[in-house]
Amino acid sequence: MAAVKLFELGKLSSGRAAQLAQVSRVEFLTLLGRYQVSPFALTPEELEQDVLNA
């Protein structure tokens with residue numbers, strides 16, 4: 001749970017958070033959904049701009 005929170009706050013990368021949680025990065029990213037944390041660090045505005053640029 002600490003790794004998820006630190007990732008959510010932007011204090012750890014997904015790779016480092018996975019190491020802290022002692023799971024693979026893929027497993028960590030999958031577990032984020034269980035805690036309703038998005039694996040994407042984009043704001044809604046940044047995401048909208050990315051879609052417009054695609």
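Of all non-hydrogen atoms in Leu29 and Ser14, the two that sit nearest each other are CD2-CB, 3.8 Å. Closest non-hydrogen pair, Ser38 versus Phe7, comes out as O-CE2, 3.7 Å. Nearest heavy atom pair, residue Ala17 against residue Ala3, reads O-CB, 3.4 Å.
Cluster membership for Val37 and Phe28, using ILVMFWY side-chain heavy atoms within less than 4.5 angstrom, is shared.
Going from atom CZ of Arg25 over to atom OG1 of Thr30 covers 10.5 Å, rounded to the nearest 0.5 Å. From Gln19, atom CD reaches atom CG of Leu12 across 9.5 Å, with rounding to the nearest 0.5 Å. With values rounded to the nearest 0.5 angstrom, Glu8 atom CD is found 8.0 Å from Met1 atom CE. Distance CG/Leu20 to CZ/Arg16: 10.5 Å, rounded to 0.5 Å.
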